[in-house]
There are 2 protein chains.
Amino acid sequence: MRKKQPTQADVAKLAGVSQSTVSIILNPQGKDHLLISEETREKVQAAIQELGYVINPAARTLAGGQNRLMGVFINGSAFPLDQHGFYHPYLVGIEEACIRHDYDMLLFTRSDGGEGVRRIYRNGLNHLRIADGSILLGLENKEELARLMKEEYPFVFIGKREVPDGDISYVAADYFRGTQTILSRMMALGHRQTGFFYRLYNDATKDRERGYHAALAENYHSSVTHMKRQLTVQEITPAFCRDVLDAGVTAILMEEPAMAHAFAEGARQIGRTCPDDFSIAALSDNDLAYLPTQVAQELVMINIPKLAMGAAAVHMLNQLIVDRNKAHDAIQMTIPVTISGGSTIGTVRVEEELQG
Amino acid sequence: MRKKQPTQADVAKLAGVSQSTVSIILNPQGKDHLLISEETREKVQAAIQELGYVINPAARTLAGGQNRLMGVFINGSAFPLDQHGFYHPYLVGIEEACIRHDYDMLLFTRSDGGEGVRRIYRNGLNHLRIADGSILLGLENKEELARLMKEEYPFVFIGKREVPDGDISYVAADYFRGTQTILSRMMALGHRQTGFFYRLYNDATKDRERGYHAALAENYHSSVTHMKRQLTVQEITPAFCRDVLDAGVTAILMEEPAMAHAFAEGARQIGRTCPDDFSIAALSDNDLAYLPTQVAQELVMINIPKLAMGAAAVHMLNQLIVDRNKAHDAIQMTIPVTISGGSTIGTVRVEEELQG
DNA sequence: CTGAAAGCGCTTACAG
DNA sequence: CTGAAAGCGCTTACAG
């Protein structure tokens, strides 16, 4: 039979004080804390030692205290077998910042209703509520976000999400400026015919798209041919590459490195090489571990500052938790990206220009 | 100002029933659950929908319910930057099993008192108590284990730990049989002079040592020369290798692959090669990612079934939690290991035998 | 089948 | 400086 834990009342009885005195001593941030005499404090500490008292976090939360629990809701595995998980770098940043801010991490694992999508609400219950606040990664369900907002549950989204019913707090990568920088660099080297290819059309894609158009607008004032479409990696065949290149496109922006790699491979098979015949760049560094090391090093791409984003999310969420009783605007933070690689962008060949 | 969440009392009022009826409906495992009429049930569900009611987990825990929270206490980073963390494969198994058993994972991150060691108890408070039970990895502090036992907090240790005050529940790898198998294989190939080198002397080392002696005992009935000592990788210099080999030792067991690799390298520098001049094996597969791929493939070594161990820990802990009000013996489980590689073990050369 | 009530172990005004 | 008391939102006997 499991023994009953000692409670504050037990401690109080042993120390010869009231239970609230014990509570006040245990809560240094409370306003009465300084009023307790050193003598009382020592008696209580001694009783705590003697009984092996430990606080009951559930009772503390219920009574209005905090658990210092930071929830992490991932729409996927936090510990994928291959260790190259998309989310891993965010989690590194989150864990590190949680340690600094003195939070434990609560990983919600059991929200998969068998539909392949993890849901926050099941049976009408918000699982997140046991944590003081939560960081959300990869959640696509905007309804659930809207409901969390309505409940005024403190949360921070990693990645950008625009929801209908008002602003949510998020930390995002600056895809706008990253994309703009890369395309401007290409256009400075003479490229005029551009292509923009994405895997999914989501809020991040919209930012990249805006950056793409901003670069077009500021770098070229006469008309420019450009292609823009949604693609899967499987669709990037040699035939597709020929179509794109024969249309005169020489500056290619792909959402994912794997798509850029597939294009370079497809083009090679029809005798076109990079950067001689075309320049190419990726607008993220996702799943880089699955590409050859050389590609990972040479391909021009946007590096998503995942560690910094994870850490920033913890900072922001801590702020929301601390201020949870004040009226509060959403905090939205955009973190600068860096651009790596270099050898997949070059000047436009003279022949190309003559042809074009 | 944060809105107050609706409570069961609010739901009850709207549905025109008592608060306990709402609770009974929300707890399908409770004994009164079947007694509620379908009509009442529907009224209550409708009220829950309308109010957006969500249960308060802290209140539920306090009142004796369960949170289905499984704590994970790691003496290190759960999300190491290099992604080759020692603990990662355990966590993969734990996460997967937590999903199956419907637990969320609570990662205790904030127990580092700045001493480089994470502690369960701080300020006399057991942080683990918010979780229904916890899995412990890499905890060296036997005092804390003893205290957890005294409190009858449900926990499972990953790795073997013998504590003074009784048995703890653990899941361990079968280093005994793994070591015995490897050394028997070496001795079957003619090796008689053996060396056993370890990095730390802990409970796992003791198991390996027992396996080592078991193999010696069963394979050779006359006297045998053997070396046994504690080592760091740094100490494995060419001079050290010469000493060992010149002493006639031909069968070498190293705790870690890195130690085995260092020995093979050191030996190569003094002109001795494996498996011609000696056979070598590692008694774990820790930190394999840092060794050359070829070494990782060829070196004979014990593969620790980390995924299976993590999953088994969750199963066991779930059992302890379910049975927490019954008297309970500790559950101790040893999981078979496999042995990989092969080309670092060979027959003893005739010259060696003549020399020896 | 359903409700009134005790109790889980805390925090926090409030009263002295 | 310290204590008595209300209340946080549930679960679970208990009574009907």
Side-chain angles (χ1 to χ4, degrees), chain A residues 2-13 15-44 47-48 51 53-68 123-126 129-130 132 151 325, chain B residues 2-13 15-44 47-48 51 53-68 123-126 129-130 132 151 325:
Chain A
R2 197 178 186 183
K3 276 197 283 283
K4 198 172 147 308
Q5 296 295 329
T7 67
Q8 288 187 356
D10 299 326
V11 172
K13 200 186 304 171
V17 298
S18 80
Q19 182 251 316
S20 41
T21 302
V22 177
S23 175
I24 289 164
I25 290 172
L26 254 26
N27 288 281
Q29 76 290 352
K31 65 182 185 56
D32 290 339
H33 187 250
L34 298 174
L35 304 179
I36 306 290
S37 72
E38 196 51 43
E39 194 192 334
T40 307
R41 211 177 289 276
E42 278 166 13
K43 277 191 303 191
V44 169
I48 286 176
L51 294 175
Y53 168 77
V54 290
I55 212 162
N56 182 325
R60 162 177 273 182
T61 306
L62 184 58
Q66 293 278 306
N67 270 331
R68 300 209 72 79
N123 313 325
L125 306 187
N126 170 1
R129 279 231 345 238
I130 195 174
D132 299 335
E151 283 182 17
N325 289 325
Chain B
R2 197 178 185 182
K3 277 196 283 285
K4 200 175 145 304
Q5 296 294 330
T7 67
Q8 287 187 355
D10 299 325
V11 172
K13 200 187 303 171
V17 300
S18 80
Q19 182 252 315
S20 41
T21 302
V22 177
S23 176
I24 289 163
I25 290 172
L26 256 23
N27 288 282
Q29 74 292 351
K31 67 182 183 52
D32 290 338
H33 187 252
L34 297 174
L35 304 177
I36 305 288
S37 72
E38 195 52 44
E39 194 192 336
T40 307
R41 212 178 286 276
E42 278 166 13
K43 278 189 303 189
V44 168
I48 285 175
L51 294 175
Y53 169 77
V54 290
I55 210 163
N56 181 324
R60 163 177 273 181
T61 306
L62 185 57
Q66 292 280 306
N67 269 333
R68 300 207 71 79
N123 312 325
L125 307 187
N126 171 2
R129 281 232 342 239
I130 195 174
D132 300 335
E151 283 182 19
N325 290 323

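Residue numbers start from 1 in every chain, and the chains themselves are labelled A, B, ... in the order their sequence lines are given, proteins ahead of strands.
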Structure string for DNA chain C in dot-bracket form, Watson-Crick and G-U at under 3.5 Å, | interchain: |||.||||||||.|||

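- If you measure from atom CD of A:Gln19 to atom C1' of D:dG7, you get 13 Å, rounded to the nearest angstrom.
- Using a 4.0 Å cut-off, no side-chain N or O of A:Ser18 falls inside it from OP1 or OP2 of D:dT2.
- Following rounding to the nearest Å, B:Ile24 (CD1) and C:dC1 (P) show an atom-to-atom distance of 13 Å.
- Residue A:Ala63 has its side chain nearest to D:dG7 when only D:dT2, D:dC10, D:dG7 are considered.
- One can place CD of A:Gln8 at 11 Å from P of C:dT12, the figure rounded to the nearest angstrom.
- The interatomic distance linking A:Ile36 (CD1) with D:dG3 (C1') rounds to 10 Å, in whole Å.
- Among the heavy atoms of the strands lying under 4.0 Å from B:Ser20 is at least one base atom, whether or not backbone atoms are also near.
- Taking all atoms of both residues into account, the shortest heavy-atom contact from A:Leu26 to A:Arg60 is O-NH2, 3.8 Å.
- Remark: A:Ser18 engages A:Ser20, A:Thr21 in a side-chain hydrogen bond (donor to acceptor under 3.5 Å, both in side chains) (not counting sequence neighbours).
- Put simply, CD1 on A:Ile25 is 20 Å from P on C:dG9, counting in whole angstrom units.
- Closest to the side chain of A:Thr7, from the set C:dG3, D:dC10, C:dG9, is C:dG9.
- For B:Ser37, the listed nucleotide lying nearest its side chain is C:dC1; candidates were D:dG3, D:dT2, C:dC1.
- Here the P atom of nucleotide D:dT2 and the NZ atom of A:Lys13 are 20 Å apart, to the nearest Å.
- Per the geometry, CG belonging to B:Asp10 stands 13 Å off C1' belonging to D:dC10, to the nearest Å.
- When every heavy atom of A:Tyr53 is checked against every heavy atom of A:Thr7, the shortest pair comes out as CE1-C, 3.5 Å.
- Contact annotation: B:Ser23 does not reach the phosphate of D:dC10 (side-chain N/O to OP1 or OP2, under 4.0 Å).
- Nearest nucleotide to the side chain of B:Leu62, out of C:dC8, C:dC10, D:dT2: C:dC8.
- Rounded to whole Å, atom C1' of C:dC1 lies 12 Å from atom CD of B:Glu39.
- Closest approach to the A:Arg60 side chain among C:dT11, C:dC1, D:dT2 is made by C:dT11 (side chain taken as heavy atoms from C-beta onward).
- Between atom CD of residue B:Gln19 and atom CD1 of residue B:Ile24 there is a gap of 9.5 Å, rounded to the nearest 0.5 Å.
- Taking A:Glu39 as the reference, nothing meets the salt bridge (Lys or Arg N to Asp or Glu O under 4.0 Å) condition, with sequence neighbours excluded.
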B:Ile36 and B:Val44: CA distance, side-chain angles, deciding distance, side-chain contact (heavy atoms from CB on, under 4.5 Å) verdict: CA-CA 11 Å; B:Ile36 305 288; B:Val44 168; over 6 Å; no

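- For the residue pair B:Gln8 and B:Ser23, the shortest heavy atom distance occurs at OE1-CB, 3.3 Å.
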